Chemist: 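I'd like to ask you about the structure that follows.
Heavy-atom basis, side chains included; hydrogens, waters and symmetry copies ignored. As the structure is a prediction and not an experimental result, all values here were calculated from the model.
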Amino acid sequence: RMSDAHDAFLTTRTGGKLSESIHRWNTSVRDFWAHRRPDEITPAVFREFYAQRRNVDKIKEHTLRKDVSHIRQILKHCVETGKLSALPFIPKLDKIEHNPRRWLEADEWKRLQAVSKERIKAASPNVRLVQQRQDCHDFATFMVHSMMRVGEVQHLTFRDCQLRKNSQGEDALVCDVRHSKTGPRPNVVCLVGAASVYRRRKTVDTKPTDLLFPEHQNRPNKTTATFRDLLIAADLYVDSNGERRNQKSLRATAIS
């Protein structure tokens, strides 16, 4: 069965590649492929898998391509170990649509931060609005200074974070990312801005299991709308090519 073939394939993987293989098998392909025999896999089986992932699971072509690559690696290992005579024909996948992340240039990021601080001051004395805008400012700062994905930051708890001194004697935040599409990522080192956000959000009442940004679980639509309003206020919602920015643009900003 493919489940046995997968276990054998894992013995050839180490480190990050091992974690990534386990994660992809468990979250994306196991339910469909585990019970199948490698020598009974045909192009029709692959087409059935394509249909399920596209129409039922609603994943994009980029993710499907990674899933198929993982299955091909397992089948290739079967060939190399004599469990399979040849690789089955794998039907062609659709073309991946060009969808680059709309990042912020350095001067645009500075403008966004400045407008964000102005909006926090302007919200006074509305305590609730001040908090919403401060939460938005903290999240944007943490995203850029950690280079994490949106989902990774949203699932981050206080116990996942530790303050440590860097070589310049500054506080640096080191995080264990437990929820990631590529599997756990320990010891993610963030820039000093992330440490500042961590200190500001940590209080005497904070529990280790508390989320760093609970508002993204409690009010996801509101947090999205608040960041969109900030982009609009800073005249950065749409880039020079007419493409809209969103929270995912922050990671692209950090990497760029």
Chemist: For the NZ atom of Lys92 and the OH atom of Tyr50, what is their distance to the nearest 0.5 Å?
Modeler: 11.5 Å

Chemist: How about Val174 and Val188: do any of their side-chain heavy atoms sit closer than 4.5 Å?
Modeler: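 No, too far: nothing below the 4.5 Å cut-off.
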
Chemist: Is the shortest side-chain heavy-atom distance between Thr81 and His77 below 4.5 Å?
Modeler: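 The answer is yes; the side chains approach within 4.5 Å.
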
Chemist: Check His137 against Lys117 and note the closest heavy-atom contact, atom names and distance.
Modeler: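 His137 and Lys117 have their closest heavy atoms at CE1-CG, 3.7 Å.
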
Chemist: Answer yes or no: is there a donor N or O on one side and an acceptor on the other, between the side chain of Asn126 and the main chain of Ala123, under 3.5 Å?
Modeler: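 Flag not set: sc Asn126 to bb Ala123 has no pair under 3.5 Å.
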
Chemist: Counting N and O atoms only, with roles assigned by atom type, does the side chain of Ser69 sit under 3.5 Å from a partner on the main chain of Arg65, one being a donor and the other an acceptor?
Modeler: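 No; zero donor-acceptor contacts below 3.5 Å.
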
Chemist: Quick one: side-chain hydrogen bond (donor to acceptor under 3.5 Å, both in side chains) partners of Glu170, sequence neighbours excluded?
Modeler: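 In terms of side-chain hydrogen bond (donor to acceptor under 3.5 Å, both in side chains), with neighbours along the sequence ignored, Glu170 is linked to Asn166.
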
Chemist: If you round to the nearest 0.5 Å, how far is CG of Asp4 from NZ of Lys83?
Modeler: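 That separation rounds to 10.0 Å.
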
Chemist: With the side chain counted from C-beta on, respond yes when Lys248 and Arg149 share a heavy-atom pair under 4.5 Å apart, and no when they do not.
Modeler: no

Chemist: From Arg119 CZ over to Thr226 OG1, what is the distance, rounded to the nearest 0.5 angstrom?
Modeler: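 Reported value, rounded in 0.5 Å steps: 8.0 Å.
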
Chemist: Using a strict cut-off of less than 4.0 Å between a Lys/Arg side-chain nitrogen and an Asp/Glu carboxylate oxygen, indicate whether Arg245 and Glu108 qualify as a salt bridge.
Modeler: yes

Chemist: Not counting sequence neighbours, list each pair that qualifies as a ring-ring contact (aromatic ring centres under 6.0 Å, His included) and has a residue in residues 202-221.
Modeler: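 ring-ring contact (aromatic ring centres under 6.0 Å, His included) check on residues 202-221 returns Phe139-Phe213, Phe139-His216, Phe142-Phe213.
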
Chemist: Do Asn221 and Thr224 get their side chains close enough for a donor-acceptor pair, meaning under 3.5 Å?
Modeler: no

Chemist: Would you kindly say whether Ser256 and Thr253 are connected by a side-chain donor-acceptor distance under 3.5 Å?
Modeler: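 Judged by distance alone, the side chains do not pair up.
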
Chemist: Of all the heavy-atom pairs spanning Leu18 and Leu10, show the shortest one and how long it is.
Modeler: CD1-O, 3.7 Å

Chemist: Nearest 0.5 angstrom please: Glu105 CD to Lys110 NZ, how far?
Modeler: 12.0 Å

Chemist: Between Glu118 and Arg111, does any side-chain N to carboxylate O distance fall below 4.0 Å?
Modeler: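 So Glu118 does not pair with Arg111 through a salt bridge.
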
Chemist: May I ask you to check whether over 12 heavy atoms, not counting those of Arg13, lie within 6.0 Å of atom CZ?
Modeler: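 Check passes, neighbour count above 12.
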
Chemist: Considering all heavy atoms of both residues, which atom of Cys175 and which atom of Leu156 are nearest to each other, and what is their separation?
Modeler: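 Cys175 and Leu156 have their closest heavy atoms at SG-CD2, 4.0 Å.
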
Chemist: If hydrophobic clusters are built from ILVMFWY residues whose side chains come within less than 4.5 Å, do Leu75 and Phe32 share one?
Modeler: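 Yes, because Leu75 and Phe32 connect within a single hydrophobic cluster, where side-chain heavy atoms sit under 4.5 Å apart.
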
Chemist: Nearest heavy-atom pair of Glu48 and Arg36: which atoms, and what distance?
Modeler: OE2-NH2, 3.9 Å

Chemist: Less than 4.5 Å apart, side chain to side chain, heavy atoms only: is that true for Ile74 and Trp33?
Modeler: no

Chemist: Where do Pro91 and Pro43 come nearest, in terms of heavy atoms and distance?
Modeler: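 Nearest pair, atom of Pro91 first, then Pro43: CG-O, 3.6 Å.
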
Chemist: What's the spacing between Ile59 CD1 and Leu64 CG if we round to 0.5 Å?
Modeler: 4.5 Å

Chemist: Run the side-chain contact (heavy atoms from CB on, under 4.5 Å) check on Arg1 and His6 step by step: do they pass?
Modeler: CA-CA 9 Å; Arg1 298 185 306 166; His6 175 258; over 6 Å; no

Chemist: Hydrophobic clusters here meaning ILVMFWY residues chained together by side-chain heavy-atom distances under 4.5 Å, can you tell me if Val192 and Val144 are in one?
Modeler: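 No, because Val192 and Val144 fall into different hydrophobic clusters, even though each may have its own neighbours under 4.5 Å.
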
Chemist: Please determine whether a side-chain nitrogen of the Lys or Arg among Glu61 and Arg54 lies less than 4.0 Å from a carboxylate oxygen of the Asp or Glu.
Modeler: yes

Chemist: Is Asp135 paired with Arg201 through a side-chain N to carboxylate O contact shorter than 4.0 Å?
Modeler: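 Yes, Arg201 and Asp135 are salt-bridged.
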
Chemist: Taking the side chain as everything from C-beta on, heavy atoms only, tell me whether Thr223 gets closer than 4.5 Å to Cys136.
Modeler: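 Counting from C-beta outward, Thr223 and Cys136 never come under 4.5 Å.
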
Chemist: Below 4.0 angstrom, N of the basic side chain to O of the carboxylate: do Arg159 and Asp176 qualify?
Modeler: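 Answer for the salt bridge query: no.
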
Chemist: What verdict does the side-chain contact (heavy atoms from CB on, under 4.5 Å) test give for Tyr237 and Asn246, after you've listed the backbone C-alpha separation in whole Å, the side-chain angles of each residue and the deciding distance to 0.1 Å?
Modeler: CA-CA 8 Å; Tyr237 183 44; Asn246 55 32; over 6 Å; no

Chemist: Before you tell me yes or no, could you show the steps for Gln247 and Met143 under side-chain contact (heavy atoms from CB on, under 4.5 Å), namely the whole-Å CA-CA distance, both residues' side-chain angles and the distance that decides it to 0.1 Å?
Modeler: CA-CA 9 Å; Gln247 290 175 334; Met143 280 288 300; 5.9 Å; no

Chemist: With sequence neighbours left out, write down each residue that passes salt bridge (Lys or Arg N to Asp or Glu O under 4.0 Å) with Lys165, or none if nothing qualifies.
Modeler: Asp171

Chemist: Is there a side-chain contact between Cys78 and Phe9 (heavy atoms, below 4.5 Å)?
Modeler: no

Chemist: What I'd like to find out is whether the side chain of Asp39 reaches to under 4.5 Å of the side chain of Leu84, using heavy atoms alone.
Modeler: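 In contact.
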
Chemist: Does Leu236 share a hydrophobic cluster with Val115, counting links as ILVMFWY side-chain heavy atoms below 4.5 Å and allowing steps through other members?
Modeler: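 In one cluster with Leu236: Val115, yes.
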
Chemist: Keeping Ser28 on the side-chain end and Trp25 on the backbone end, is there a donor-acceptor pair under 3.5 Å?
Modeler: no

Chemist: Check salt bridge (Lys or Arg N to Asp or Glu O under 4.0 Å) between Asp7 and all other residues, then give those that pass, not counting sequence neighbours.
Modeler: none

Chemist: Arg24 and Thr63: which non-hydrogen atoms are nearest, and at how many Å?
Modeler: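 What the structure gives for the nearest pair is NH1-O, 4.0 Å.
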
Chemist: Please name all residues satisfying salt bridge (Lys or Arg N to Asp or Glu O under 4.0 Å) with Arg200, sequence neighbours left out, ordered by chain then number.
Modeler: Asp138

Chemist: Do Ile120 and Val130 touch side chain to side chain, with heavy atoms closer than 4.5 Å?
Modeler: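 Side-chain contact under 4.5 Å: yes.
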
Chemist: Going by the rule ring pair (Phe, Tyr, Trp, His ring centres under 6.0 Å), which residues pair with Trp109 if we only count those two or more places apart in sequence or in a different chain?
Modeler: none

Chemist: Before giving the answer on side-chain contact (heavy atoms from CB on, under 4.5 Å), spell out for Arg228 and Arg244 the whole-Å C-alpha distance, their side-chain angles and the decisive distance to 0.1 Å.
Modeler: CA-CA 10 Å; Arg228 182 182 64 240; Arg244 296 177 181 177; over 6 Å; no

Chemist: Does NZ or CZ of Arg47 lie under 6.0 Å from the centre of the six-membered ring of Phe49, at an angle within 45° of the ring axis?
Modeler: no

Chemist: Just checking Arg199: does its CZ atom have more than 12 heavy atoms from other residues, nucleotides or ligands closer to it than 6.0 angstrom?
Modeler: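 More than 12 within 6.0 Å, yes.
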
Chemist: Under a 4.5 Å side-chain heavy-atom rule over Ile, Leu, Val, Met, Phe, Trp and Tyr, are Val238 and Trp103 clustered together?
Modeler: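 In one cluster: no.
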
Chemist: May I ask whether Leu191 and Val177 are part of the same hydrophobic cluster, defined by side-chain heavy atoms of I, L, V, M, F, W, Y residues being less than 4.5 angstrom apart, directly or through others?
Modeler: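 Shared cluster, no.
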
Chemist: Looking at the rings of Tyr198 and Phe158, which for Trp means the six-membered one, are their centres under 6.0 Å apart?
Modeler: yes

Chemist: Nearest 0.5 Å, what's the SG-CG distance between Cys161 and Leu212?
Modeler: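 One gets 5.5 Å once the value is rounded to the nearest 0.5 Å.
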
Chemist: Checking the side chain of Asn55 only, and the main-chain atoms of Ala51 only, is there a donor and an acceptor separated by less than 3.5 Å?
Modeler: yes

